[in-house]
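First up is the structure itself, then whatever we jot down about it.
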Amino acid sequence: VSTAIRASAVRATGPAATLRVRRAARIAWTMVTVVAIQALVCGAALLPVVLIWSAVLAASEWSTVLRALTLAVIAVPSYVLFAVLLMFVSAITGRALKWQTPPNAQMRIAEVEWPLLQWARSLIAIHLVRFFAGALFRGTPVWTAYLRLAGARLGRRVYVNSLALTDYNLLEVGDDVVIGDDVHASGHTVEGGFVKTAALRIGNNVTVGLGSVIEIDVEVGDGCQIGALSFVPKHTRLEAGAVFAGIPVQRIGTAIDPRSD
Ligand SMILES: CC(C)(COP(=O)(O)OP(=O)(O)OC[C@H]1O[C@@H](n2cnc3c(N)ncnc32)[C@H](O)[C@@H]1OP(=O)(O)O)[C@@H](O)C(=O)NCCC(=O)NCCS
């Protein structure tokens, strides 16, 4: 009996061990490529700043005081330049490499398959931009331009005052939309060991109140107002022209059309 048990254990560990090795190899390759590519992206964004600083430091005809003054004055603009370039380079690199969220997927985290890792790469790239540029530009047209370039389908006059949006390729937003401070809206959710993904569509003339959470596969109709600190569960359809608030959201009234007097 013990020989039979040992034989079955060997059979079981063989393929299991191979799977573990493959999983580890996928994770290692993903980490190496993420670090290498993000180093290149940050390097490309920093290059103009490094050139400017090198030129100032090499200006031997300047006095030490003048050089120190110049560096002090250009320090903050240098950071802003780096942040703008980082948004641009990161967005086009992510698109070129197709680092994005697969739509309508159900990815088992424990299996660590390629689609999950590709999604993880996109999150890391997004996180770096948030960290270095987000605090400077959130809520401004520059942030909107970055989100568009990174794959979000945003209409005209869209203001996003939040760094908690992800899965840009699954976000579709109409014209004249305000997404308030710290709104969480993304195309993924993690449940029971799976990452599940689906699109999020927000119509025209919508305001999403600050601190709200919108889950996956939600459609927000034109003219909707979503109250502060509200929760919109997955698969919800919010009818056009209404005010919603609460956890989960309930219809609490009719929205005023901003175009009416
Ligand atoms: C939802 C909202 C638009 C409703 O405004 P309104 O139509 O003027 O409605 P009222 O303020 O008269 O409130 C109507 C009812 O809903 C309740 N309510 C309003 N906002 C709520 C919210 N966020 N969560 C739960 N209940 C809310 C009110 O308490 C009131 O209840 P009552 O009838 O029992 O007294 C507004 O309250 C809101 O949350 N705005 C968010 C603004 C925002 O965050 N913008 C983002 C950029 S800053």
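Indexing begins at 1, ligand by ligand and atom by atom, following the structure's order. In what follows, every heavy atom counts, from backbone to side chain, and hydrogens, waters and symmetry copies are set aside.
- Protein heavy atoms all stay at least 4.0 Å away from atom 10 (P) of ligand 1.
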Could you go step by step and tell me if Phe244 and Gln225 meet the side-chain contact (heavy atoms from CB on, under 4.5 Å) rule? CA-CA 6 Å; Phe244 294 89; Gln225 305 297 303; over 6 Å; no
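- Distance remark: protein heavy atom not present below 4.0 angstrom from atom 33 (O) of ligand 1.
- Of the residues Asn205, Asp176, Asn204, the one that meets the side-chain hydrogen bond (donor to acceptor under 3.5 Å, both in side chains) test with Arg157 is Asp176.
- Heavy atoms of Ile252 come nearer than 4.0 angstrom to ligand 1 in at least one pair.
- A 4.5 Å side-chain heavy-atom check between Val84 and Phe137 finds at least one atom pair inside the cut-off.
- Considering OH of Tyr79 and CG of Leu46, their distance stands at 9.5 Å, rounded to 0.5 Å.
- A side-chain contact (heavy atoms from CB on, under 4.5 Å) with Val206 holds for exactly one of Leu238, Ile179, Val220; it is Val220.
- By heavy-atom distance, the residue among Ala228, Gly209, Ser230 lying nearest atom 39 (O) of ligand 1 is Ala228.
- In summary, the atoms of ligand 1 found under 4.0 Å from a heavy atom of Gly227, numbered by their order in the structure, are 1 (C), 23 (N), 38 (C), 39 (O).
- Judged purely by distance below 3.5 Å, without hydrogens or angles, the side chains of Trp143 and Asn161 never pair a donor atom with an acceptor atom.
- Within 4.0 Å of atom 30 (C) of ligand 1, not a single protein heavy atom is present.
- Put simply, the side chain of Leu117 reaches to within 4.5 Å of the side chain of Val112, judged on heavy atoms.
- For atom 20 (N) of ligand 1, the nearest non-hydrogen atom from the set Gly211, Ala255, Ser162, Ala245 comes from Ala245.
- Among protein heavy atoms, atom 44 (O) of ligand 1 sits closest to Leu210 N, 2.9 Å.
- Considering only non-hydrogen protein atoms, atom 3 (C) of ligand 1 sits nearest to Val243 CG1, 4.2 Å.
- For atom 47 (C) of ligand 1, the closest non-hydrogen atom on the protein side is Gly180 CA, 4.1 Å.
- A distance-only check finds a donor-acceptor pair linking the side chain of Ser162 to the backbone of Val183 [under 3.5 Å].
- In this structure, atom 22 (C) of ligand 1 is in close contact with the protein, since a protein heavy atom lies within 4.0 Å of it.
- At least one protein heavy atom sits closer than 4.0 Å to atom 16 (O) of ligand 1.
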